[in-house]
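First the structure, in the form of structure tokens, and then the observations on it.
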2 protein chains.
Amino acid sequence: MTPPESSGPRRPLRADAARNRELLLAAAAAEFAERGVDASIADIARRAKVGKGTVFNHFPSKDHLLTAIAVARLDQLTESAESLLAGSDPGTALLDFLTLGAEQQQQLDLSAMFAGGTADIQDPAGVDQARERMVRAVDALVTRAREQGAVRPDITGADVVLLMCAPAYAAGPLRQAYPELWRRYLMVVFDGLRPEGAHPLPHPPPPLGHL
Amino acid sequence: MTPPESSGPRRPLRADAARNRELLLAAAAAEFAERGVDASIADIARRAKVGKGTVFNHFPSKDHLLTAIAVARLDQLTESAESLLAGSDPGTALLDFLTLGAEQQQQLDLSAMFAGGTADIQDPAGVDQARERMVRAVDALVTRAREQGAVRPDITGADVVLLMCAPAYAAGPLRQAYPELWRRYLMVVFDGLRPEGAHPLPHPPPPLGHL
DNA sequence: CGAGAACTCGACCGCGCGGTCAACTTACTG
DNA sequence: CAGTAAGTTGACCGCGCGGTCGAGTTCTCG
């Protein structure tokens, strides 16, 4: 429907507006982390010490706000993956990436935006591009680890992207009591990627593009 | 707050009321499965071909309705675990149980009720009891498998209960496109439970009671 | 069959949400 | 320093939700 308004050689923001935008993104990230995606716009505005209307000046809808945060996170993970790719040991590089991914997932569930379930998102273009970059980077990480024998051969980058969200979910119910519990289950998942004695997987991986 | 009203030697329901109750539970299960826990009472009532008020006659609040469904599922899983415990191979018994658990999680996310995050639930007593029964049964399953060397020694029943929810989450975003994808990730998780070459786990398991 | 208890029903209530807008304030520019 | 475009604001709107209730209906049992 709405053309992604992608090509916006936007005029520069006014100084105060730029500041408010940052305040809003920070407040939204914090509020979403605490209350989940159902955090209210009013609360976010209050936290940013800004009028409710200002939120909608910067982000035409709540989805746009969420999308902005998601894109930032995806880009950050992409950067991490790329820099880890430059590092030495493929196995630990992959584990380090999984840790970073799970850690972010711990803060806010964006897994829906990591996949095709984005039918409801307003500006899919931004998310899709960011996601594609990330999946590419992760797949490079996985391929290298696989060639070196650090992970089983039947695992793809798409699998890793999906699996890195799982520990946060598994530990989610006990998050309050044991905030670091996810590390335990991340290690279990990582061990599930070992090549030694792996059982054949009963379903093909999702195609990289369709992630 | 509310005393669990547990000891209710309830008078028998009228015939039509009993029928409606079943219709409601079925409709609610279906609606929750399709729309998630945010499915509306009105939709459930419509699906059950029943007035909205009737829903509240049978279940004083939406939480009570969810709780009723959760208890039924927990009991069902408990039963499965116990009958699998009577079976032969400990390893496959555990895998079978994980499959059942993940399958149910696929239908409706009740993981919050599998753990202590039940502060918001109205009748914790019912859920807590059902959960305790299940955890006990699962722990027996795990202990047997561990003794036989089918799973790593540092894994407990509580871990298994939490981990069986993970595959549904990992595959969740692509549920529409690949409804069976969770099986792939369930196998990865299961492989993560193998004893051979497991890395030490970086966090203690949650105590059985606190699950 | 008739009385009354048990149950059903949907209009109704209050609330909090995402989103709008016209009046106001503020930062930039010449 | 003025003029104006850019940005801010909070009262306001419509909506859909969970939950209530009294009038109406239906089962049950003597």
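Residue numbers begin at 1 in each chain, while the letters A, B, ... track the order of the sequences. Being a predicted model, the structure only gives us computed values, none of them experimental.
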Check: Can you name the salt bridge (Lys or Arg N to Asp or Glu O under 4.0 Å) partners of B/Asp109, sequence neighbours left out?
Finding: none

Notebook entry, point to check: Do the charged groups of B/Arg183 and B/Glu103 touch, with an N to O distance under 4.0 Å?
Noted result: yes

Check: With a 4.5 Å heavy-atom cut-off, do B/Leu193 and B/Leu163 have their side chains touching?
Finding: yes

Check: What's the closest nucleotide to the B/Val50 side chain, out of C/dC9, D/dG19, C/dT20?
Finding: C/dC9

Notebook entry, point to check: In whole angstrom, what separates B/Phe56's CZ from C/dC12's P?
Noted result: 18 Å

Margin query: Strictly below 4.0 Å, N to O, side chains only: are B/Asp191 and A/Arg194 in salt-bridge contact?
Written below: no

Margin query: Nearest whole Å is fine: how far is C/dT8 C1' from B/Lys49 NZ?
Written below: 16 Å

Margin query: Salt bridge or not between A/Arg19 and A/Asp16? Use side-chain N to carboxylate O under 4.0 Å.
Written below: no

Checklist line | Salt bridge present between B/Arg133 and B/Glu82 (N-O < 4.0 angstrom) | finding: no

Next item on the list: Within residues 18-45 of chain B, find the residues that approach DNA chain C with a heavy atom at under 4.0 Å, and present them sorted by residue number.
Entry: B/Asn20

Next item on the list: Examine the side chains of A/Thr67 and A/His64 and answer whether a donor and an acceptor come within less than 3.5 Å of each other.
Entry: no

Margin query: Without decimals, in angstroms, what is the distance between B/Phe59 CZ and C/dT8 C1'?
Written below: 15 Å

Checklist line | Side chain proximity check, B/Arg146 to B/Arg152, heavy atoms < 4.5 angstrom | finding: no

Notebook entry, point to check: For D/dG7, does OP1 or OP2 lie under 4.0 Å from any side-chain N or O of A/His58?
Noted result: no

Short N/O separations, protein against nucleotides 27-30 of chain C, under 3.5 angstrom:
unit_1	atom_1	unit_2	atom_2	d
C/dC28	OP1	A/Ala15	N	3.1

Margin query: Distance check needed: C/dG10 C1' versus B/Arg46 CZ, whole Å only.
Written below: 12 Å

Check: How many Å lie between NE2 on B/His64 and C1' on D/dG19, as a whole number?
Finding: 13 Å

Item checked: Aromatic plane relationship, A/Tyr178 with B/His203 - under 30° parallel, 30 to 60° tilted, over 60° perpendicular -> perpendicular

Next item on the list: Report the distance from atom NZ of B/Lys62 to atom P of D/dG18, rounded to the nearest whole Å.
Entry: 4 Å

Notebook entry, point to check: Counting side-chain heavy atoms from C-beta on, which of D/dG19, D/dG7, C/dG19 comes nearest to A/Lys52?
Noted result: C/dG19

